[in-house]
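Read through the structure below, which is laid out as structure tokens, and then see the notes.
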Amino acid sequence: MESTELNSATEVFIAHRNLLFTVAYELLGSAADAEDALQETWLRWVGVDLATVRDQRAYLVRIATRQALSRLRTLARRKESYVGPWLPEPLLTAPDVAEDVELADSLSMAMLLVLETLAPTERAVFVLREVFGLEYDEIAEAVDKTQAAVRQIAHRARAHVAARRPRGAVSAADTRHALAAFQQAVETGDLQQLLDLLAPDVVLLTDGGGVARAALAPIVGADQVAAVLARIATATVLRPAQVNGHPALLLSRGGALDTVTALRIDDGLITGLYAVRNPEKLSRLEREIALSR
């Protein structure tokens, strides 16, 4: 590729980079793997004759999707040997992500875990259609299926997600209020206040990856979860932050980030707590990650 063409390819790639990273992250739940998928996307993009590309955005999304799908199958094998519960890698996000309600909803820990229950192609079709608004013909090219097959997959994936996603939309203000009350209850070790905030069937998942101390199985039930939470206030500092487009808590010990905790709220009560402690998944909490669609 000549230097002029390379410069043009570079400009186009940079212009769409945040979108491509968001697509890859939505499919993988891992920023590290999303970055690798983007690197492969770039290597393939510089080999393309730009004069033959009708829609550069769709073309790049197609390459990124294929790279992410390839990594998704590898990632699935890694998860089989993962120690304890696997949670998505949390990202510190800018306020504009939270303002895009649909994007923020798709990035939440709760939603990413729902997406984990889809087969790879179903996940790609759902994300490309419902989050990024691609047309069925564009999605068909990205996943190597016919348009008819993609429509069937999309219908099946929508039904699957609808049955598992949080039951009602929760406003950012309500989430912040719940988070503030939760933070106060944890900081004071107020067991009764914690019980008032937690749903009876609340689930706490802790991801230590075999490196940091964490429960190897989900902790279920308000009494059990509250008892765990009431013990963590000692020698810890809690502060709120925007993680994956939603309010979350960053827990530090000895001045170092120790845990990121996100909440799932249904009908005014906390039904899910997602605590990421694996140090490998906390490296991107030092700066905001730009996401877009």
Side-chain angles (χ1 to χ4, degrees), residues 28-32 75-92 107-117 164-166 175 178-179 181-241 243-244 246-254 256-266 269-285:
L28 296 164
S30 163
L75 194 57
R77 290 193 291 272
R78 292 212 308 261
K79 290 173 191 171
E80 290 175 2
S81 58
Y82 198 79
V83 178
W86 181 94
L87 290 173
E89 182 178 351
L91 302 178
L92 197 64
L107 288 166
S108 72
M109 283 284 183
M111 188 56 157
L112 288 174
L113 286 176
V114 171
L115 295 180
E116 283 291 314
T117 65
R164 292 163 177 80
R165 74 191 311 160
T175 302
L179 190 77
F182 176 74
Q183 180 177 349
Q184 181 184 41
V186 172
E187 287 176 336
T188 59
D190 188 331
L191 199 60
Q192 187 54 54
Q193 187 178 0
L194 281 169
L195 289 170
D196 291 341
L197 293 168
L198 300 174
D201 57 351
V202 63
V203 177
L204 167 62
L205 297 175
T206 54
D207 178 343
V211 181
R213 184 178 177 186
L216 297 180
I219 299 170
V220 182
D223 289 339
Q224 289 80 1
V225 171
V228 171
L229 294 173
R231 295 196 298 266
I232 69 172
T234 308
T236 64
V237 177
L238 299 176
R239 66 181 178 91
V243 174
N244 287 48
H246 293 269
L249 285 179
L250 306 185
L251 185 154
S252 298
R253 295 179 190 269
L257 181 62
D258 179 90
T259 308
V260 175
T261 301
L263 313 180
R264 169 174 171 162
I265 301 170
D266 288 291
L269 294 174
I270 298 170
T271 58
L273 285 161
Y274 313 108
V276 180
R277 305 201 66 221
N278 184 346
E280 293 180 1
K281 295 185 178 182
L282 300 180
S283 62
R284 286 172 177 77
L285 273 298

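When reading the values below, keep in mind they use all heavy atoms of this one structure, side chains included, and skip hydrogens, waters and symmetry mates.
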field: Separation of E116 CD from L28 CG (nearest 0.5 Å)
entry: 9.0 Å
message: So, taking the atom named CG in L251 and the one named OG1 in T236, what distance separates them when rounded to the nearest 0.5 Å?
response: 4.5 Å
- request: Please report the shortest heavy-atom distance between L113 and W86, naming the atom on each side.
  value: CD2-O, 4.0 Å
message: Using side-chain heavy atoms (C-beta onward) and a distance below 4.5 Å, is L257 in contact with L250?
response: yes
V260 and L92, any side-chain heavy atoms less than 4.5 Å apart: no
field: Validation row: R264, M109 side chains within 4.5 angstrom (heavy atoms)
entry: no
query: In Å and rounded to the nearest 0.5 Å, what is the OG to CG distance from S30 to L112?
result: 11.0 Å
statement: Looking only at heavy atoms, the pair that brings L198 and L273 closest together is CD2-CD1, 4.2 Å
- request: Indicate yes or no for a side-chain donor-acceptor contact from N244 to the backbone of P90 under 3.5 Å, with no hydrogens or angles considered.
  value: no
Heavy-atom closest contact (A222 atom, L195 atom, distance): O-CD2, 3.6 Å
- request: Rounded to the nearest 0.5 Å, what's the gap from CD1 on I270 to CG on L263? Could you check?
  value: 5.0 Å
field: Minimum side-chain heavy-atom gap L87-L205 below 4.5 Å
entry: yes
task: Look at the side chain of T206 and the backbone N and O of A215, then say whether any donor-acceptor pair between them is shorter than 3.5 Å.
output: yes
task: Can you sort out the partners of E280 under salt bridge (charged side-chain N to carboxylate O under 4.0 Å, His left out), two or more places apart, ordered by chain and number?
output: none
message: Hydrogens and angles aside, do R277 and T259 bring a side-chain donor and acceptor to less than 3.5 Å of each other?
response: yes
- prompt: For L191 and A230, which heavy atoms make the closest approach, and how far apart are they?
  reply: CD1-CB, 4.0 Å
message: Measuring from atom CG of D207 to atom NZ of K281, what distance do you get when rounded to the nearest 0.5 angstrom?
response: 3.5 Å
task: To the nearest 0.5 Å, tell me how far L249 CG sits from E187 CD.
output: 8.0 Å
- prompt: Between L204 and V228, which heavy-atom pair has the shortest distance, and what is it?
  reply: CD2-CG1, 4.0 Å
message: Test of understanding: with side chain to side chain contact (heavy atoms under 4.5 Å, CB included), list the residues that count as partners of E80, not counting sequence neighbours.
response: none
query: Do I265 and T175 touch side chain to side chain, with heavy atoms closer than 4.5 Å?
result: yes
field: Considering all heavy atoms, the nearest P240-L179 contact
entry: CB-CD2, 4.1 Å
message: My understanding is that only residues two or more places apart in sequence, or in another chain, count here; which of them pass salt bridge (charged side-chain N to carboxylate O under 4.0 Å, His left out) with R284?
response: E89
